[in-house]
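A short write-up of the structure that comes next.
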Protein chains: 2
Amino acid sequence: MIPKQQVEKRVADSLEICRRQGVKATHQRTEILRELAGSEEHPDAETILTRVRQRVPTISVDTIYRTLRLLEDSGVIARVGSMRDRARFDANTDRHHHFVCTECEMIGDFYSDAMDQFPVPQEVSEMGSVEGVYVELRGICRKCKQKAMKTEGRTGEKP
Amino acid sequence: MIPKQQVEKRVADSLEICRRQGVKATHQRTEILRELAGSEEHPDAETILTRVRQRVPTISVDTIYRTLRLLEDSGVIARVGSMRDRARFDANTDRHHHFVCTECEMIGDFYSDAMDQFPVPQEVSEMGSVEGVYVELRGICRKCKQKAMKTEGRTGEKP
DNA sequence: TCCTAAATAGTAATTATTACGAATGGAGTT
DNA sequence: AACTCCATTCGTAATAATTACTATTTAGGA
């Protein structure tokens, strides 16, 4: 669980960045941001909608999606996760990367100076100018691995 | 343009990998694979459908999507591109990464030993076992940058 | 050749996301 | 406070991409 104080700081910082870009800090935007900043699980739009509705019961689907796009464009949230599933979001603006479990879709954050400081290959410089990096490590998380072990143990058993 | 010989080799190799997994090499699958292997632009499902139809006029939407999923699961093609747009595909199975233009969605391949050999941080090892890496460099491609320059030149002009 | 499971075509259904039009709300002005 | 103006939101409809269904076809082994 993320400390409340930390959540509020992130919300305040993000809204400040928005304001500097002329994006107003409405009640709905604040709550969406707060929901995301307080979550470690990188929720999808529907999950965010359900949760925010507990506090803002009339919030609409349109507002959720519109706001998520807006916040993404403003650079205070990011879209993460393998593209085979629905979009998921992250309000952590610190430079970091993600581990994605291809089994259960769990997404975890991690930090890596090495990955942050990639040398941009010549090849790429010739294609254009690099402004961001997205790194995703994919694999099987602990939980899923254990589950697989158990299931494997059963193979060969009589029914 | 990719040399025909190279395309055919890629197709043959991919089908061989499929067969070893018990996946049959049907006409449709072969043509979808051939289309992808012969393209450098990382086409989306619809584009693949249109192009393959010139050779296999009766191929269905279902077959395209089903096959793309199957080939992805078999590991002979990959899903690429920023998740804000539709899925795009790549039949290049050599270890490589992508540069994506956030303006025009152009996708270019590049190779980088440095990125291939990144040390997996302890943090991540604790989350699970890493089986793949997806790296995407994002920015503005040459073409779009030039276009932006021209447009910028116009600002301030009378209408 | 014949058999059987797997694959496909054509179409319908589902799901996520975006768009629309009326209504609301907030900042600045008088 | 009342008024204006423009952005934002709500509720719902529409769109776009992807997946599912069922009858028919096909591949590949016995």
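The structure displayed is predicted, hence computed values, not measured ones.
Taking the charged nitrogens against the carboxylate oxygens, B/Asp73 and A/Arg84 do have a contact shorter than 4.0 Å, which makes a salt bridge.
Distance, B/Ile64 CD1 to C/dG10 P: 13 Å, rounded to whole Å. For the pair B/Glu72 CD and D/dT19 P, the interatomic distance rounds to 10 Å; values are reported in whole Å. For the pair A/His27 NE2 and D/dC10 P, the interatomic distance rounds to 9 Å; values are reported in whole Å. One atom, CG of B/Asp73, and another, C1' of C/dA7, lie 16 Å apart when rounded to the nearest Å. Whole-Å rounding puts the B/Met83 CE to D/dT18 P distance at 15 Å. Counting to the nearest Å, the C1' atom of C/dT8 and the CG atom of B/Leu71 are 15 Å from each other. Between the P atom of D/dT22 and the CZ atom of B/Arg66 lies a distance of 15 Å, rounded to the nearest Å. Straight-line distance from the CG atom of A/Asp85 to the P atom of C/dT14: 20 Å, rounded to whole Å.
One side chain, A/His97 or A/Asp116, offers a donor N or O that lies under 3.5 Å from an acceptor on the other. At a cut-off of 3.5 Å, with distance as the only test, a side-chain donor of A/Thr63 or A/Arg66 sits close to an acceptor on the other residue.
Heavy-atom neighbours of A/Glu103 CD from other residues, nucleotides or ligands within 6.0 Å: at or below the threshold of 12. Other residues, nucleotides and ligands contribute over 12 non-hydrogen atoms within 6.0 Å of the CD atom of B/Glu105.
If you check D/dC10, C/dG10, D/dT12 against the side chain of A/Ile59, the one that comes closest is D/dC10. Distance from the side chain of A/Lys24 is smallest for D/dA7 among the nucleotides D/dC10, D/dA7, C/dT11. Between C/dT8, D/dA17, C/dT18, one nucleotide has an atom nearer to the side chain of A/Val61 than all others, and that is C/dT18.
Toward the 5′ end of DNA chain C lies the nearest nucleotide of B/Val56, the other residue of the pair B/Arg84 and B/Val56 mapping further downstream. For the pair B/Ala45 and A/Asp62, nearest-nucleotide mapping onto DNA chain D gives the more 5' position to A/Asp62. Comparing B/Pro57 and B/Gly22 by the nucleotide of DNA chain C that holds the closest heavy atom to each, the one mapping nearer the 5' end is B/Gly22. If you find the closest nucleotide of DNA chain D to A/Thr67 and to B/Thr26, the one lying nearer the 5' end belongs to A/Thr67.
Taking 4.0 angstrom as the limit, A/Arg69 places a side-chain polar atom (N or O) nearer than this to OP1 or OP2 of C/dA19. Between A/Arg29 and D/dT9, a side-chain N or O to OP1/OP2 separation shorter than 4.0 Å is present. Contact annotation: B/Arg86 side-chain N/O to C/dT17 OP1/OP2 distance is not under 4.0 Å. At D/dT18, one or more side-chain N or O atoms of B/Tyr65 fall inside 4.0 Å of OP1 or OP2 (strictly under the cut-off). Neither OP1 nor OP2 of D/dG11 sits under 4.0 Å from any side-chain N or O of A/Ser60. Residue A/Gln28 places at least one side-chain N or O under 4.0 Å from the OP1 or OP2 atom of D/dC10.
No donor-acceptor pair closer than 3.5 Å links the side chain of B/Ser129 to the backbone N or O of B/Ser125.
For D/dA17, its base never sits under 3.5 Å from the side chain of B/Asp44 at any donor and acceptor pair.
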